[in-house]
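All remarks here apply to the structure that follows.
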Amino acid sequence: MQIEGLKVTDYIKTEGASDQLMGVGTSGIKDDKKTNTNKELKALSVDNAYYNNKGVMTDEDFTKEVKEASALGMSTVDKIKNVERAWGEEATEKTREDGHDPMDMEAETLITVVDEIKMNLAKAGADISKMGGLSDAEIEAMSGSIAQAVAMTKGLSDTLPVEAQAYLVKNDLEPTITNIYNAQYSAPVKAPEETSDEDIISLIELVEGKVNSLIEQIESEDVKFARNPVPPVELKNMVATMLKQDVPVTKEHLEYMVQLDQYEKPSEEIIVSAISDILAEGKDPSEAYLIEGYSLMDQAKKTFEEVMGMDVNDLASVTAQRQLTEIQLTMTVEATFTMMKNGIDVNTNDLSDLLDKLKLQETNLLKILMKAETGEKTDSNVNLFKEVMNEMAEIQSAPVAAFGRFSNIGMETFSYVHEVSVSVTAEYSRMEMTYEAVGTEVRKDLGDSLNKAFQNVDDILADLDIEATEASQKAVRILAYNQMEITAESVTNMKAQTELVGRTFKSMTPAVVSEMIKRGNNPLDMTMNDLKNMAENIKAEMGSTSDEESYAKFLWKAEHNSEISAEEREAYVGVYRLLHQVEKSDGAAIGALISQGMDVTLRNLMTAVRSSKHTGKDYEINDKFGALDEMVVRDLSITEQIEKVFLTNRCRDAKEAMTPAKMHILGEDIILNMNPDEFAQAMEAGTTTSEQLEEKAYNQYVTAQLKEAFESSEEVESVLQQYNLPTTANMITAVQALMQKGSSLSKDLYGRAAKLQENQDMDIEDLINLAYQRFDEACHSPEAMKEAEEVLGDLAERVMKSMEEMEDIKSIDLDNMKLIIQQTKAIQQMADTGETYRIPIAIDGEVGDMNLRIVRGQQETGLVKMAVYLQQTSTVSTTFRYEAGKVKASVECATAETRERLASQADKLSEYMQEQTGFSFTFSFTREAGISVNDIYNWQLGNFQEVENRDNEIQTEALYSIARSYLNVIGEMF
């Protein structure tokens, strides 16, 4: 029972009710009287549009409602700012673990990844409250609404006066920063004078029964609305206060008054967290709640705790028990939050409905992360991805004995391997046998029993003349589980089969599996051999696990580890490069050593690879270290071929797992005396403290790079949108670098290209002149120019791949080369979408870039703009306006000297251009201070009517012939 609307003025007549409570506070901030529409979510009924005629919510309609999580409705700029705010070191770490490179992911995807990662971290019990939080320094540096919200909290008192409490309750204002601020400064200093204590006492006596009933109801419901329990006598006193303040007495108002009475100003850390939560809801920072339990994130946490606190044994039906178990494995705070944010009822009383919604929420996130190049997001792709990842997890959790059921696992399909693995798992379960799993280290509780059961493994291996490594011991155990004959051949074969599956699954990160499916492949139908090869190839070329990215990461760690000397650093980098070269040659050096009966140590491999590199021949390594004689390599036996493949795969494992910190513990001599299997095993061992610090420092470095990129200027963001460039950190940085005055793209790229083995007879000017000639020949159609730009990109990729084989390479060199590659990608996209080109030039020993843009008009009209910056000339920008065979050329020069020099050649220039094109030319020359080659990207066309029709061959030939002719005379002009 409630005392609905009960207030003093209902019983005691007053004169001239005051309106001052409805005014604007002294802060000048308008009162927010809107209630939180999500505070009490409206339940979805069977009549709701999201349900079919059977009362079941349809997947299609639900997915439309949930849509794209926090990226919903954001502009590109807002997405970028959201990432800048919310991304952190934890997100970088998890994204890289999944095989993604956060620097190469678009803002929309990064926002989704933040949500997904928070879900996973919350599920793992991690504290996500600080993710996306703001440090004191960041708060001080902020401007706009966030800074205003934080500044407002500085002026709040530690508690709320009763007048401020009443102000909030009477005006239905929630405890947000703005509302509490206004309540503190706008509430009346004292209660209305006409309301005396006697009036209040009389009124309470009059309605005492109703008040007592209300208090009993609150107590019986055990509503935890306050920080501390409130005795009935204090509740009655609170009712008296409400009446005195002319606050209508209802159950909700009384609960709210108690909350406000117990209010204490939150710490700055809690305030920052509250602002982060409200930003995730897409609201203004000043709407952050200063009392716990009001934000959607608080409600999501409460709902999550409620579900996790349910006991499956309390449920009557088996179906309900199964549903709760699956919900508890699936549900996270962030998944709940996202549904609430989109107005979806999270009803913990209907487990079936809740489970369906959670599954659809997971699918929605995967759709964003698996968006194909075309932008299409298909349910079939998402379902296949989930099936592959689930089956892989089931194989990894199966008994390792399952490997003994295959004579050649590499020729079996992934689906069949899964089928057998599930069958073997069922066998062990029926026999209630504990087992050693495929994808995990031997459990501690199995360690003693395994040692007892397989005490003679090392003796068996010694008799077979096989080194007792972990891989060999595991192979013997698998053979023993299946009561198979243990021979040198069977051990070697089993060891190779185990490694094949292990290598495949190491390469099949979520990013790699996603990319496979987006390329149209079905991993379920592929043989394990094909799956391994494809996974490794994709892994080597994309994301955080690409060859170039892994090498850059290793170099960075080696350079920033203060415990490692310069000599050690050089040695460890040398080992990395050795493993890369062995892998690249498909283990040729390993095969050569095996054929000669030599130990396949890293030291011997290094000697063999160096000798082969210098002479182009195969060599025998005799007992004298370093003494080499020419040899003829004999054919390897089947067993030796299997061993070669196994050790080659272990080289890949070692390269992926090795870190400078762990290598420092072993030392160079010990490492070089190991074979690839031993070295990989040492690198795959448990993570050390120094290694954790090393990894954390690198993640902080990447995070700082990403955030710095997303602080880009509006000019850069405009170019991204204009040319439909992806809003990745790498692309933003690349465009920013392209737009810098004196951009050194051509100088950097062709300078590095000149060092390649294939270009030993050419210097940088020779290479640039060849490129310039290629563009000159291509300058007759957009298709040919696009191909010329693609050649530029191919060259950048070749240079990058060669850098792993070059000595004295630093991480900064790889970073610069990655930037160049991104710049060439941007240039190719600009050529494709906006007929804007970047042409390398070399004049009087100076290397630079010519920017060219073609703009098409209606019928026989068009514009051509060409701009170049060189130290000797500064910026020169030329605009050609073509119309029906006549061309007006306007040349703008940054310096008077350049203008005079070019103007003196005007007649000669006009004559030459007319001779080349057949059009009549008139030139004008002006000096314009502050002009930039970047003006070509944000070109203000004035009244010129631009069209996108590329089918007009006459117009195309005219515009490109103007550009081609101008390219031919650039050298003479300067």
Side-chain angles (χ1 to χ4, degrees), residues 36-44 57 62 65-67 69-70 72 86 88 90-91 94 111-133 221-225 227 266 269-270 272-283 288-289 291-315 320-366:
N36 181 2
T37 56
N38 290 311
K39 183 179 177 184
E40 295 181 3
L41 295 171
K42 296 178 180 179
L44 294 171
M57 179 177 278
F62 179 83
E65 171 66 16
V66 177
K67 291 188 178 176
S70 53
L72 179 64
E90 300 92 338
K94 183 62 172 65
I111 295 169
T112 305
V113 168
V114 170
D115 282 348
E116 186 197 34
I117 288 171
K118 283 185 180 180
M119 289 182 195
N120 293 332
L121 290 176
K123 183 62 189 169
D127 178 14
I128 64 168
S129 62
K130 295 181 182 179
M131 283 194 68
E221 292 178 0
D222 192 27
V223 179
K224 297 181 180 179
F225 56 83
R227 294 164 61 91
E269 182 180 2
I270 294 176
V272 168
S273 179
I275 289 176
S276 178
D277 287 345
I278 208 69
L279 287 172
E281 293 185 31
K283 297 181 180 180
Y289 294 102
I291 291 181
E292 185 179 349
Y294 280 80
S295 73
L296 289 186
M297 184 62 76
D298 287 343
Q299 293 176 43
K301 288 177 181 176
K302 182 180 178 182
T303 303
F304 175 77
E305 290 169 1
E306 179 184 340
V307 171
M308 294 303 156
M310 293 181 181
D311 190 343
V312 69
N313 296 315
D314 293 341
L315 301 177
Q321 291 176 349
R322 179 187 60 77
Q323 288 172 341
L324 177 59
T325 300
E326 192 169 353
I327 287 170
Q328 290 177 334
L329 291 172
T330 307
M331 189 175 190
T332 63
V333 172
E334 288 293 323
T336 310
F337 167 78
T338 303
M339 286 192 287
M340 287 180 169
K341 183 174 64 176
N342 287 281
I344 304 301
D345 179 37
V346 182
N347 185 2
T348 57
N349 294 322
D350 189 342
L351 295 179
S352 176
D353 181 60
L354 179 56
L355 181 58
D356 287 342
K357 291 174 182 177
L358 286 168
K359 287 181 176 180
L360 282 169
Q361 175 73 355
E362 178 187 23
T363 299
N364 178 66
L365 284 174
L366 287 174

By side chain to side chain contact (heavy atoms under 4.5 Å, CB included) - contacts of Glu306 (at least two apart)
Met310, Thr348
Nearest non-hydrogen partners of Asp298 and Ile291, listed with the distance
OD2-O, 4.5 Å
Between Ala274 and Tyr289, what is the shortest heavy-atom contact and its length?
CB-O, 3.4 Å
Could you give the distance from NZ (Lys301) to CD (Glu292), rounded to the nearest 0.5 Å?
8.0 Å
